[in-house]
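What's counted below: heavy atoms across the whole structure, side chains too, no hydrogens, waters or symmetry copies. Proteins get letters first, then strands, A, B, ... in listed order; numbering begins at 1 in each.
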2 protein chains.
Amino acid sequence: MLRMKQDLTDTHRTMQVVNHIRALIENGTLQPGDKIPPEREFARSLNISRASLRTGIGYLAAMGVMKVRHGVGTFVADGPAEFGKASFSLMGVLHGFQSWQMFEVRLIIESNLAALAAERAKEEHHTALAEEVAEIFASIDSPSDFLIHDVLFHRILSQASGNPILAALMETITSALYDKRRKTVERSTDLRESAEMHRMIYRAIRARDPVEARRLMEQHLRMAQAAQGMERPTARKTIDGIARPRTLQLDKGSAPSRL
Amino acid sequence: MLRMKQDLTDTHRTMQVVNHIRALIENGTLQPGDKIPPEREFARSLNISRASLRTGIGYLAAMGVMKVRHGVGTFVADGPAEFGKASFSLMGVLHGFQSWQMFEVRLIIESNLAALAAERAKEEHHTALAEEVAEIFASIDSPSDFLIHDVLFHRILSQASGNPILAALMETITSALYDKRRKTVERSTDLRESAEMHRMIYRAIRARDPVEARRLMEQHLRMAQAAQGMERPTARKTIDGIARPRTLQLDKGSAPSRL
DNA sequence: CCACCCTAGAGGTCAGACCACAGTATACAC
DNA sequence: GTGTATACTGTGGTCTGACCTCTAGGGTGG
């Protein structure tokens, strides 16, 4: 009737490797930061060729679950969760993501992140947040440093929200936005105002006031968006990149496996 | 001082392939659904070995940008945008994602999706949405069919929101939730109530009432969550899967490349 | 006209040699 | 003794080319 086949990228051996490692992570044998055995050895122990093993590892590395370091070894990722850095930009060109859409998503997610953080942040988060606010003020004359601590502030806030999934989504958007920001921040003049906003957001979180935290975060982001001239276009035209009409197909295709 | 190296998975050849294909997609040479040349031939034209080409393709396939079909060929993905199906579950076991967190994210994203859809949906979306509502009512006695149209309804709503990024994030969460739902829906008794909710949401969107659409969607999701007994635990214990304490490190590590 | 089988074309796997990189041990010069 | 240069070892990266498996389509016999 409809689709029967599973379009998963589950090529025999590849998935075998992926599932094996997944299992090792699930039962705790492998923890973030751990190193897996050398390819030659690991391949032998799994009774597959090194090439196949590498395919599987490549798969895991592509989505950020593992990190491969030439000449050193392969490790389980340990940084903040994220859905493939490159993934986002690739998906972007493929589906025509636009800047205003990124900001819209950021506004939605981060304002909720702020609200949740206000409700759930622990002492240690308050401390870390306060430190970053201080660093931000201290970096007012150095745009590049300012941006670093700005990013750090938002990342800590993500963790304070107590929802790693939301944090991971935010991280994905943020890293995609980073390059663009790095360029504009340089010629930014009112970093003082931005610093002040961070401080106010921190105070709202500190005071466990979700409503205020959300409001301030929204205000902060709208200001940031305006500063980069990336508001949503009133008309239907592309801001950056080529316009991509692409007949919008209400594709029912590939409904969640089997049906 | 801090990190200097770029931890990107950019192994020479691999990235070379990825960027090449990315370029082909950007300049329109490759469109969703298109087939790329056979590996042997493509590899020769790029002056790299077939193995390297395959590594690159595997990378792209892993994040859902390309689809490989054994014995047929390799194609550019054309379905709804999504950040790697497997990616999510892998990230899940790695960072300890929990059910209530997935619901929380879904609640946040989808309620906003509904609000946006109410503001921006076009005629064609209204039509498609109405059709699915009808299908949903028609499937009240068939849980499996019901679920299919339920998913379709939400997917169309995502497209109607006019923000493909948000839609992609939603799709990622949804596909992860799908399996779990498939099990519970079977023994669900009040599908009628759910169907009614979909109809009301549709009407709110149709009436271009963002506030009401958001409110109804939130209500709908909370009911769904309650039906599956996945509210957020009052205490600090795990619902499913093993508890994973994992010393919460405020990892500053891997700040967005170079600094 | 339909069912079955065969085959061409495309991806999947394998084996083993060799290259490139990172970190450490060693040797030589001062 | 100290320090720097070099060699070695371990680990991932790439290449070749042969062979396996799957899919789709066309040919052939019933």
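Checked against salt bridge (charged side-chain N to carboxylate O under 4.0 Å, His left out), A:Glu39 has the following partners two or more places apart in sequence or in another chain: A:Arg50, A:Arg54. Evaluation of the side-chain contact (heavy atoms from CB on, under 4.5 Å) rule for A:Ala130 yields A:Tyr202 as partners, not counting sequence neighbours. Contacts of A:Pro38 classified as side-chain contact (heavy atoms from CB on, under 4.5 Å), with partners at least two apart in sequence or in another chain: A:Glu41. Residues that satisfy the side chain to side chain donor-acceptor pair (under 3.5 Å) test with A:Ser139, not counting sequence neighbours, are absent from this structure. For B:Ser45, the side chain to side chain donor-acceptor pair (under 3.5 Å) test picks out no residue, with sequence neighbours left out. Residues satisfying the side chain to side chain donor-acceptor pair (under 3.5 Å) test with B:Thr127, not counting sequence neighbours, are none.
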Within the sub-3.5 Å range, which N or O atoms of nucleotides 14-16 of chain C have a protein N or O partner, and how far apart are they?
from: C:dC14; atom 1: OP1; to: A:Arg13; atom 2: NE; distance (Å): 3.3
from: C:dC14; atom 1: OP2; to: A:Ser49; atom 2: N; distance (Å): 3.2
from: C:dC14; atom 1: OP2; to: A:Ser49; atom 2: OG; distance (Å): 2.9
from: C:dC14; atom 1: OP2; to: A:Ser52; atom 2: OG; distance (Å): 2.4

For nucleotides 20-26 of chain C, print each protein N/O atom paired with a nucleotide N/O atom at under 3.5 Å, atom names and distance only.
from: C:dA20; atom 1: N3; to: A:His70; atom 2: NE2; distance (Å): 3.2

Every protein N/O lying under 3.5 Å from an N/O of nucleotides 6-8 of chain C:
none

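To the nearest angstrom, P of C:dG9 lies 16 Å from CZ of B:Phe75.
Minimum heavy-atom separation, A:Pro164 to A:Gly162: CD-O, 3.6 Å. The shortest heavy-atom contact between A:Leu94 and B:Pro32 is CD1-CG, 4.0 Å.
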*Could you go through the side chain to side chain donor-acceptor pair (under 3.5 Å) check for A:Thr174 and A:Arg155 one step at a time?*
CA-CA 9 Å; A:Thr174 302; A:Arg155 184 174 291 164; over 6 Å; no
_Candidate pair B:Ile109 and B:Arg106, rule side chain to side chain contact (heavy atoms under 4.5 Å, CB included), full reasoning_ = CA-CA 5 Å; B:Ile109 296 184; B:Arg106 192 183 174 196; over 6 Å; no
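Between B:Ile25 and B:Val65 there is a side-chain heavy-atom pair separated by less than 4.5 Å.
In this structure, A:Asn163 contributes its side chain and B:Gln101 its backbone to a donor-acceptor pair below 3.5 Å.
Dashed line: the shortest gap from a side-chain N or O of A:Thr74 to OP1 or OP2 of D:dT11 is not under 4.0 Å.
There is no side-chain donor-acceptor pair under 3.5 Å between A:Ser158 and A:Glu171. Side chains of B:Arg13 and B:Ser49: no donor on one and acceptor on the other come within 3.5 Å.
An angle of 10°, rounded to 10°, separates the two end axes of the helix from C:dC1-D:dG30 to C:dC30-D:dG1, each defined over five pairs.
Sorted by first and then second residue, the ring-ring contact (aromatic ring centres under 6.0 Å, His included) pairs involving residues 128-172 of chain A (not counting sequence neighbours) are A:Phe153-A:His198, A:His154-A:His198, A:His154-A:His220.
Only B:Arg40, listed by number, bring a heavy atom of residues 33-44 of chain B to less than 4.0 angstrom from any atom of DNA chain D.
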